[in-house]
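Down below is the structure, laid out as structure tokens.
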Amino acid sequence: MKILFLHGRGSVPGGLKPTWLRNQGHEVLNPHLDDSDFSAAVSTAQREFDLHQPDVIVGSSRGGAVALNLISGRTPLVLLCPAWKYWGTTRILQAPALILHSRHDAVVPFSDSEELLQNSHQPLDNLLAIGSEHRMSDPESLSVLDWACRTLGSGKQLPWMDGMLNEAVSDPSLDTAAEASYLCDSCGETIVIPVDLCEGESQTFVEDCPVCCRPSVIHVEQGEDGLLQVTAEAAQG
């Protein structure tokens with residue numbers, strides 16, 4: 001599946017969600033969107049869309065507003081907590097869409113997504129309440145995101161069946177592995193490591209450098225939009 005992933009404000013290409021989708025076998029287009037100039041962000045996304053003609057567009061938070069303001073015909077949308085009230089002028093959905101939004105979102109109110117569907121005369125069934133906060137980076141949300149992209153991108157029709165959602169969440173093939181990198185404090189080499197998202201948003205562990213074999217204490221934190229931030233220090237003793 002070819003996915004155009006539009007990141008949120010303060011995020012950069014290569015965040016947790018697009019990386020996770022890529023690890024599921026998708027071709028992910030993940031352009032850098034200007035944080036301060038919304039029109040420039042839309043222009044960048046429009047160029048990517050026109051050039052690559054993706055099967056589905058994913059917009060996260062501010063990226064959801066960018067997605068709504070694209071000229072993309074009937075290309076389906078998967079919107080994650082879309083911040084459509086804060087940026088852009090588009091107030092309705094022109095294409096088939098599925099919105100994933102947490103009822104506990106403290107950044108973009110869940111009611112904004114309900115209002116967007118009502119404005120668009122689309123059923124509220126097209127809004128799935130999932131996740132525990134705005135980042136939508138928990139294992140269940142990631143699994144449903146992958147399922148939504150595969151389903152919409154293959155041209156299946158709305159509304160969704162509860163059984164399909166349950167199948168998406170329970171599918172054992174949808175792992176929650178991601179990759180991150182750190183700079184070895186001993187030899188200065190950049191080391192890429194796997195990160196199991198199921199272990200939590202804040203992780204600390206010891207890893208032997210595969211280049212110099214010296215141990216490092218690795219600290220992993222998930223940023224505001226799910227982006228992995230990794231630091232390392234030489235292990236004492």
Side-chain angles (χ1 to χ4, degrees), residues 1-101 105 107-108 112-113 115-117 119-120 122 126-128 134-137 141-142 144-155 158 223-228:
M1 198 69 63
K2 186 185 293 185
I3 300 171
L4 174 57
F5 188 97
L6 306 175
H7 64 74
R9 186 171 183 269
S11 297
V12 295
L16 187 150
K17 291 186 284 291
T19 298
W20 192 85
L21 287 172
R22 190 174 287 115
N23 288 341
Q24 307 314 305
H26 300 291
E27 178 183 351
V28 181
L29 312 167
N30 186 201
H32 179 267
L33 304 178
D34 193 298
D35 252 0
S36 58
D37 189 331
F38 184 77
S39 295
V42 172
S43 295
T44 298
Q46 188 70 60
R47 285 195 298 271
E48 288 289 308
F49 176 84
D50 294 341
L51 180 62
H52 298 285
Q53 296 294 304
D55 300 302
V56 62
I57 301 170
V58 176
S60 177
S61 192
R62 181 177 182 264
V66 173
L68 288 177
N69 284 269
L70 294 181
I71 302 172
S72 55
R74 298 293 292 171
T75 302
L77 306 176
V78 178
L79 303 178
L80 310 177
C81 311
W84 62 276
K85 278 192 170 184
Y86 303 93
W87 288 281
T89 59
T90 303
R91 296 294 182 262
I92 61 173
L93 293 163
Q94 301 284 1
L98 183 64
I99 302 175
L100 311 183
H101 204 145
D105 191 335
V107 179
V108 178
D112 282 6
S113 289
E115 183 179 341
L116 178 60
L117 288 174
N119 291 348
S120 309
Q122 292 200 23
N126 295 358
L127 169 60
L128 298 182
H134 183 69
R135 288 178 295 180
M136 302 292 288
S137 58
S141 296
L142 292 172
V144 174
L145 171 60
D146 174 67
W147 162 79
C149 290
R150 293 179 188 276
T151 304
L152 269 76
S154 63
L158 300 174
E224 181 64 26
D225 196 45
L227 184 66
L228 289 179

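Of all the heavy atoms in Leu77 and Ala67, the pair that sits closest is CD2-CB, 4.4 Å. Smallest separation of non-hydrogen atoms from Ala65 and Ala83: CB-O, 3.7 Å. Across Val56 and Pro76, no two heavy atoms sit closer than the pair CG2-O, 3.4 Å. Nearest approach of Phe5 to Pro31, heavy atoms of both residues: O-CD, 3.7 Å.
Judged as a side-chain contact (heavy atoms from CB on, under 4.5 Å), and not counting sequence neighbours, the contacts of Ser39 are Asp37. Residues passing the salt bridge (charged side-chain N to carboxylate O under 4.0 Å, His left out) test with Asp105, sequence neighbours excluded: none. Residues passing the side-chain contact (heavy atoms from CB on, under 4.5 Å) test with Asp112, sequence neighbours excluded: Trp84, Lys85, Tyr86, Val108, Pro109. With sequence neighbours excluded, the residues that form a side-chain contact (heavy atoms from CB on, under 4.5 Å) with Ala41 are Leu33, Arg62, Val66. Every residue two or more places apart in sequence or in another chain that forms a side-chain hydrogen bond (donor to acceptor under 3.5 Å, both in side chains) with Thr90 is listed here: Asn69. The side-chain hydrogen bond (donor to acceptor under 3.5 Å, both in side chains) test applied to Glu27 returns no partner, not counting sequence neighbours.
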- Run the numbers on Asp50 and Arg47 for side chain to side chain contact (heavy atoms under 4.5 Å, CB included), then give the verdict. CA-CA 5 Å; Asp50 294 341; Arg47 285 195 298 271; 5.8 Å; no
- Message: Walk me through whether His134 and Ser61 qualify under side chain to side chain donor-acceptor pair (under 3.5 Å).
- Response: CA-CA 8 Å; His134 183 69; Ser61 192; 3.0 Å; yes
- Val58 vs Leu4, side chain to side chain contact (heavy atoms under 4.5 Å, CB included): CA-CA, chis, key distance, verdict: CA-CA 6 Å; Val58 176; Leu4 174 57; over 6 Å; no
- Query: side chain to side chain contact (heavy atoms under 4.5 Å, CB included) between Leu93 and Leu116: does it pass, once the steps are laid out?
  - Reply: CA-CA 7 Å; Leu93 293 163; Leu116 178 60; 4.1 Å; yes
- Go through Ile3 and Leu29 one step at a time and tell me if the side chain to side chain contact (heavy atoms under 4.5 Å, CB included) criterion holds. CA-CA 6 Å; Ile3 300 171; Leu29 312 167; over 6 Å; no
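The CG atom of Asn126 lies 11.5 Å from the OG atom of Ser113; values are rounded to the nearest 0.5 Å. Atom CG of Asp55 sits about 10.0 Å away from atom NE2 of His26, to the nearest 0.5 Å. Annotation: the span from Gln46 atom CD to Leu51 atom CG amounts to 11.5 Å, rounded to 0.5 Å. Expressed to the nearest 0.5 Å, how far CG of Leu70 lies from CD of Gln94 amounts to 12.0 Å. Atom CG in Asn30 sits 7.5 Å away from atom OG1 in Thr19 (nearest 0.5 Å). For the atom pair OG (Ser60) and CE (Met136), the distance works out to 8.5 Å, reported to the nearest 0.5 Å.
Proximity of a side-chain donor or acceptor of Arg91 to a complementary backbone N or O of Ser120 within less than 3.5 Å is not detected. When atom types are taken as modelled, the side chain of Thr151 and the backbone of Ala148 share no donor-acceptor pair closer than 3.5 angstrom. Between the side chain of Lys17 and the main chain of Arg135, a donor-acceptor pair closer than 3.5 Å is present. Remark: side-chain polar atoms of Lys2 are paired, donor with acceptor, to backbone N or O of His52 under 3.5 angstrom. Judged by distance alone, with hydrogens and angles left aside, the side-chain atoms of Asp35 form a donor-acceptor pair with the main-chain N or O of Gly10 at under 3.5 Å. A donor-acceptor pair under 3.5 Å is formed between the side chain of Ser154 and the backbone N or O of Arg150. Under the 3.5 Å distance criterion, the side-chain polar atoms of Ser11 are left unmatched by any main-chain donor or acceptor of His7. In this structure, Gln24 contributes its side chain and Trp20 its backbone to a donor-acceptor pair below 3.5 Å.
Remark: of the listed residues Leu68, Leu6, Leu79, Leu6 is the sole one forming a side-chain contact (heavy atoms from CB on, under 4.5 Å) with Ile57.
Put simply, the side chain of Ile99 does not reach to within 4.5 Å of the side chain of Leu128, judged on heavy atoms. No side-chain heavy atom of Leu80 sits under 4.5 Å from any side-chain heavy atom of His101.
By the 30° and 60° cut-offs, the orientation of the rings of Phe38 relative to Trp87 is parallel.
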